[in-house]
Amino acid sequence: MPAGEHEFVVVANRLPVDISVAQDGSLSWQRSPGGLVTALAPIMQKNDGAWVGWSGQADFSHEPFDGEGMRLWPVALSEEEIASYYEGFSNGTLWPLYHDVIVAPEFHRTWWNAYVSVNRRFAAAAAEAAAPGGTVWVHDYQLQLVPAVLRLLRPDVKIGFFNHIPFPPVEIFGQLPWRRQVVEGLLGADLVGFQRPGDAANFLRAVRRLTDLKVQGPQVTIPGRWSRPDRAVRAQAFPISIDAASFDSLARTPEVLARAKEIRKELGSPEVLLLGVDRLDYTKGIRHRLKAFGELLEDGQLRVPEASMIQVASPSRERVEQYRQLRDEVEVTVGRINGDFGTLGRAAVHYLHHSYPMEEMAALYRAADVMLVTSLRDGMNLVAKEYVAARSDLGGALVLSEFTGAADELTQALQINPHDIDGTKATIMRAIGMDAKEGRRRMRSLRRRVLEHDVQRWADDFLGYLAMSVPSPMSVATPMSVPSPQEVR
Ligand code: F6P
């Protein structure tokens, strides 16, 4: 395959921009918020980078174009592929399987076929974009077959893969009918990055259990063929973070501070303001959090209007059935709590089914006394890190589920098992009653960690390790075991 011209190529399910097409066919776009694009923008600019991804719209097909200091390379998905590859295999099979089967994953061969063919399309686009000997960084569970397919197409490039979500224990992963193909897809990379050491260990155990390959420490050896040398694949944790310094400065601006005051006033100046911020996803433990808060009101440990809670639940994957059900359940629960405990003009829970700009998020973080992160399973949870980055005043307390990746690093948060409702209630009360000195000490230590280990450091670490890997063309696990859709019956 002829090489392209980009020294550095990112491949992710979504492009880092929201695109609009005017009636005359001209394009405009806006950078979507997110740490990944912020961290990679300087590397993109320096290395003539390209970003391969889906526009988020059905049947959007367009030549690569320049924007945001990089080449944006759209991959088209049809309505049918959005249903089977994105909503189906990615979010109806892999997402629940990789998050402790909180809801039951569905296994459909038609979804798998679509996943294979869309992964091939992404790999072909990356192969066309990458310069000879360039570096390609593939992101997340939607694209786990891309490394192996890309290696076949372009054995000269270095390939990194980073999994943003957990990697499950092999006892759960093993349910997947196409488990071996997924492992072999990932082994096409030179470096496979995970959020936590436990995720990397789960992956290495899956390699041991499902292949005959040699695994030593963090390294898998792929035997060379036809007198070619062996190839090493490294699997390791690289916990992702946020653009902490920018978030810190944003949260210090007079506008954000004034807005934070205004929010508290609009809520009737409660003594205690609790906050939850999540995508509306069943992994986030929103129902557990509401249950704990509802019981605290019922027990009389908290009372409206002295205590109030804001729950921001941004819309997500709304055409997937489990997400629809969750929305109904959350909204019924919020309605019940407000009906039982609200007073005229003062709700117990302020439920907001919207996404907000970063400025408003920063103001909410500054306004809240206690931040509640109660995920049942979460790759990292960047909201916890944003809250910490926003609290330069050393105020506020973070209640954090031990089932988040962030819990490994944010050891000074008040950690909970969200399934333990009594324990969660007790920890919320402890956060509310925490002595100011202890609160400041904890927040200082949390901030040190978040500000030092930011998303730039994460990207530099990952790419530093990837640069050290020695490319050894053509050694793929067993490339032909990533089958064509026709081969799967
Ligand atoms: O954390 C996993 C992830 O898929 C991210 O890559 C993405 O930003 C987020 O969840 C939202 O998912 P989606 O792209 O399905 O809206």
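Keep in mind that the numbers below use all heavy atoms, side chains included, and drop hydrogens, waters and symmetry copies. Everything quoted here is computed from the prediction, not taken from an experiment. Note that ligands are numbered from 1 as they come in the structure, with each ligand's atoms numbered from 1 the same way.
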Only distances under 3.5 Å count here; give the side-chain donor-acceptor pairs of residues 57-68 to other protein atoms, sequence neighbours excluded, each with its distance to 0.1 Å.
residue : atom : partner : partner atom : Å
Q57     : NE2  : I19     : O            : 2.7
D66     : OD1  : R71     : NE           : 2.7
E68     : OE1  : R31     : NE           : 3.1

Main chain of T211, side chain of R180: is a donor-acceptor contact present, judged purely on distance under 3.5 Å? no
Contact set, ligand 1, heavy-atom distance under 4.0 Å, ordered by chain/number, equals R14, Y86, W95, D140, Y141, Q142, I165, R279, R317
Query raised in the report: Counting only N and O atoms by type, is there a donor-acceptor contact under 3.5 Å from the side chain of D199 to the main-chain atoms of P166?
Result: no
For this session: Mind telling me whether W73 and H6 have parallel, tilted or perpendicular rings, with 30° and 60° as the class edges?
Result: perpendicular
The salt bridge (charged side-chain N to carboxylate O under 4.0 Å, His left out) partners of D328 (sequence neighbours excluded) come to none
Residues pairing under side-chain hydrogen bond (donor to acceptor under 3.5 Å, both in side chains) where one sits in residues 273-287, two or more places apart or in two chains, turn out to be W95-D281, D278-R289, D278-Q311, R279-D281, R279-S316, D281-T283, D281-Y323, K284-D378, R287-E329
